[in-house]
Asks: 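Got a structure here, written out as structure tokens. Questions coming.
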Amino acid sequence: MFTNTSKRNFNKRQNPWEYILDSIKVKQPQRWSCETPVLYKAVAELIDSTGKAFDKVETNFGIRKIEFSPEYGFKLNGKKLLLKGIANHHTLGALGAAAYPAAIEKRIKLLKEYGFNHIRTSHNPYSESFLDLCDRHGILVLDELYDKWLTQYAGGRTSWEDQWQYTIPEWIKRDRNHPSIIIWSLGNELQIQPEIPYGDYGVTPYLMQKPLVKRLDPTRPVTVAMHPHGRGMDLDSEPWPLAKLTDITSYNYRYMFFPNDGKRYPHMNFYQSEASASAMGPNFFEMDLDKNIGLAYWGMIDYLGESNGWPEKGWAHGVFDISLEPKPTAYFLRSFYKPDEPIVHIAIKGKRKSIDWNGIDVGTATMSDSWNLINGTTADIYTYTNADEVELLINGKSLGRVKNNTTDSKQRNRILWKNVKYEPGKIEARAYNASSAKPVATHKIETTGKAKKLIATADNSNWKADGTDLQHIRVAAVDNAGRQNMEENSLLEFSVEGPAEIIGVINGDMKSPEMTVGTSRSLYNGTATVILRSTPEAGNVTLKVTPKGNIKGTTIKLNTL
């Protein structure tokens with residue numbers, strides 16, 4: 001706790017921030033970082049003439065230094081750091097738009113496990129609990145206020161032109177004490193909306209808004225995520241006028257413009273505000289990682305809405321499905337988001353669907369972890385790795401070793417094995433580095449038998465009886481050897497006894513006609529998740545899962561504290 005007893009007069013200082021920074025001293029401060037997100041607490045009290053406190057406000061904060069430059073991109077506490085991010089809507093799968101801290105924290109922990117260090121809040125501010133958790137877990141945030149600067153994207157009732165003067169102060173004052181926030185973003189993809197006020201694709205509105213942001217917080221840069229609509233692919237074309245004005249030059253999907261735009265305008269500091277999963281790999285490796293700020297991949301967690309046609313109910317092109325199960329491509333991303341962790345992962349390639357999204361093909365190929373194929377067929381197989389080479393074996397027989405082609409951005413970290421003949425049994429990948437005779441990483445998948453029973457796994461060992469805390473219970477169908485059968489799709493019925501209630505049921509199938517509320521859900525790829533919410537009373541909770549079919553059900557006993 002820090003106490004300020006100074007009698008200095010605010011009126012003698014033009015900038016109140018100068019007063020505050022000059023008045024609070026922290027001896028030997030510990031720096032907030034992604035690895036060590038140290039937080040302090042400031043307590044402000046109003047004291048009357050008798051010395052009695054009649055009001056008090058507490059806020060957490062961190063001490064860290066951020067720097068941006070075209071020479072190195074971004075530095076945190078004096079060290080170069082590349083933003084490895086995600087840009088997603090704020091929804092939470094089966095829970096919709098409700099801001100449950102437990103569900104937010106589950107996602108943050110998953111992202112950190114796979115190497116993410118950054119989240120762009122697309123395209124509105126997230127909850128305070130989200131920012132608190134980013135502070136606590138060391139996630140760097142680009143805090144975005146709007147989508148397009150139009151009434152439709154600002155609530156639909158009052159024109160955007162009549163709102164920004166009020167929403168900017170509310171937004172900045174609420175969020176500016178969070179050390180996790182490093183960039184303010186005022187909007188998204190204005191260039192595809194010619195009706196933006198003043199008819200100059202955002203230049204005038206930006207020049208009006210930025211001074212207000214800087215008045216409230218002079219410590220962070222201001223940007224707008226831009227879609228270079230109309231530039232085509234002429235890399236030597238002129239950037240949009242707004243791109244020349246923002247503190248950070250943020251492009252969605254057009255990272256290939258960075259080199260030429262930077263040569264023409266050396267002050268530009270580049271950030272890939274949206275990167276597509278369809279170009280994953282090239283859009284990372286083809287950037288100048290030493291000089292660019294980093295990137296945020298769009299829709300890495302599947303979400304409801306923005307589908308690409310019935311029967312899909314939402315976006316299905318992430319590396320995690322909507323129930324948070326990692327797809328094989330999650331390991332490809334992990335291979336370059338966590339380059340120091342040796343990794344290899346097998347992915348059976350399926351069909352690819354082309355999808356046009358604002359002029360970008362965002363379609364992705366279906367990848368599978370299952371080695372239950374049809375006898376006599378062949379498959380194209382990827383092995384994702386950051387090692388030097390991979391050996392592929394089927395039932396112990398080697399198909400040879402193939403080097404990781406790190407000179408080609410389209411092949412780097414993903415080795416393609418074409419027309420591999422399917423044989424029931426085991427397929428194994430072994431990754432090697434040139435300096436090691438033994439594998440540095442292995443991955444194997446096996447042909448499984450029929451599903452015989454269900455197993456249930458809970459994720460919260462400290463389930464609080466506060467009426468809001470959650471328990472995500474993953475249910476999987478396994479064979480007699482305990483291996484997950486990814487073909488099993490039986491319908492499950494859930495019932496709960498004790499001080500908890502079912503508030504969500506979900507699987508990873510975006511084409512499913514089933515509801516995300518209720519007491520039933522089918523398995524998809526052999527799994528489904530049921531989400532329980534505690535009540536304010538502590539006690540024992542029992543969840544019973546009953547499948548329709550010949551699989552043995554399961555019961556899991558838990559307790560709230």
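When reading the values below, keep in mind they use all heavy atoms of this one structure, side chains included, and skip hydrogens, waters and symmetry mates.
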Asks: When the ring centroid of H178 is compared with that of W171, is the distance short of 6.0 Å?
Replies: no
Asks: Among T223, T121, L83, find the one that has a side chain to side chain contact (heavy atoms under 4.5 Å, CB included) with L142.
Replies: T223
Asks: Please report the interatomic distance CG(N77) to CZ(R31), rounded to the nearest 0.5 Å.
Replies: 5.0 Å
Asks: Are the aromatic ring centres of F332 and Y382 under 6.0 angstrom apart?
Replies: no
Asks: Quick one: do D302 and K327 make a salt bridge, cutoff under 4.0 Å?
Replies: yes
Asks: Less than 3.5 Å apart, any donor N or O on the side chain of D162 or T158 sitting next to an acceptor on the other?
Replies: no
Asks: Side chains of M510 and W315: does their closest heavy-atom pair fall under 4.5 Å?
Replies: no
Asks: Does NZ or CZ of K148 come closer than 6.0 Å to the centre of the six-membered ring of Y153, within 45° of the ring's axis?
Replies: yes
Asks: By side-chain contact (heavy atoms from CB on, under 4.5 Å), which residues pair with N525, not counting sequence neighbours?
Replies: M486
Asks: Will you find, in the side chains of T383 and T385, an N or O donor that is under 3.5 Å from an N or O acceptor?
Replies: no
Asks: Which residues pass the ring pair (Phe, Tyr, Trp, His ring centres under 6.0 Å) test with H472, not counting sequence neighbours?
Replies: none
Asks: Rounded to the nearest 0.5 Å, what's the gap from NE2 on H443 to CD1 on I346? Could you check?
Replies: 5.5 Å
Asks: List the steps and the verdict of side chain to side chain donor-acceptor pair (under 3.5 Å) for D135 and S180.
Replies: CA-CA 5 Å; D135 291 345; S180 56; 2.7 Å; yes
Asks: Under 3.5 Å, is there a donor-acceptor pair linking the side chains of T406 and N404?
Replies: no
Asks: With under 30° as parallel and over 60° as perpendicular, where do the rings of H89 and H123 fit, or are they tilted in between?
Replies: perpendicular
Asks: Please work out which of the three classes, parallel, tilted or perpendicular, describes the rings of F116 and F320, given edges at 30° and 60°.
Replies: tilted
Asks: Going by the angle between their ring planes, with limits at 30° and 60°, are F284 and F336 parallel, tilted or perpendicular?
Replies: tilted
Asks: Could you measure the distance from the CD1 atom of I293 to the NZ atom of K75? Nearest 0.5 Å is fine.
Replies: 13.5 Å
Asks: Check the pair Y146 / T167 against side chain to side chain donor-acceptor pair (under 3.5 Å), numbers first and verdict last.
Replies: CA-CA 10 Å; Y146 295 115; T167 51; 2.3 Å; yes
Asks: Output the distance between atom CG (L186) and atom OH (Y206), rounded to the nearest 0.5 Å.
Replies: 7.0 Å
Asks: Please determine whether side chain to side chain donor-acceptor pair (under 3.5 Å) holds for the pair D147 and N188, giving the CA-CA distance in whole Å, both sets of side-chain angles, and the decisive distance to 0.1 Å.
Replies: CA-CA 5 Å; D147 197 341; N188 174 64; 2.9 Å; yes
Asks: Strictly below 4.0 Å, N to O, side chains only: are D143 and R174 in salt-bridge contact?
Replies: no
Asks: Would you verify whether the NZ or CZ of K313 falls within 45 degrees of the ring axis of W310 while also being under 6.0 Å from that six-membered ring's centre?
Replies: yes
Asks: Could you tell me how the ring of Y201 sits relative to the ring of W240: parallel (under 30°), tilted (30 to 60°) or perpendicular (over 60°)?
Replies: tilted
Asks: If you look only at pairs with a residue in residues 259-275, which of them pass as a side chain to side chain donor-acceptor pair (under 3.5 Å), with sequence neighbours excluded?
Replies: H118-Y271, R120-E274, R231-D261, D236-R264, E238-R264, E238-Y265, K244-Y265, Y251-D261, N252-S273, N252-E274, Y253-E274
Asks: Tell me, please, which residues at least two apart from F270 pass ring pair (Phe, Tyr, Trp, His ring centres under 6.0 Å).
Replies: F258
Asks: Distance check, rounded to the nearest 0.5 Å: T407 atom OG1 versus R412 atom CZ?
Replies: 9.0 Å
Asks: Could you note down all residue pairs passing side chain to side chain donor-acceptor pair (under 3.5 Å) where residues 278-297 supplies at least one of them, sequence neighbours left out?
Replies: Y255-E286, S276-S278, N283-Y297, E286-S409
Asks: Within the distance-only criterion (no hydrogens, no angle test), does the side chain of K84 pair as donor or acceptor with the backbone N or O of G115 below 3.5 angstrom?
Replies: no
Asks: Can you give each donor-acceptor pair under 3.5 Å made by side-chain atoms of residues 60-67, sequence neighbours left out, with the distance rounded to 0.1 Å?
Replies:
unit_1 : atom_1 : unit_2 : atom_2 : d
R64    : NE     : P179   : O      : 3.0
R64    : NH2    : P179   : O      : 3.4
R64    : NH2    : I181   : O      : 2.9

Asks: Quick check for you: to the nearest 0.5 Å, what is the distance between K403 atom NZ and D388 atom CG?
Replies: 7.0 Å
Asks: For the backbone of D234 and the side chain of S237, can you confirm whether one donor and one acceptor N or O come within less than 3.5 Å of each other?
Replies: yes
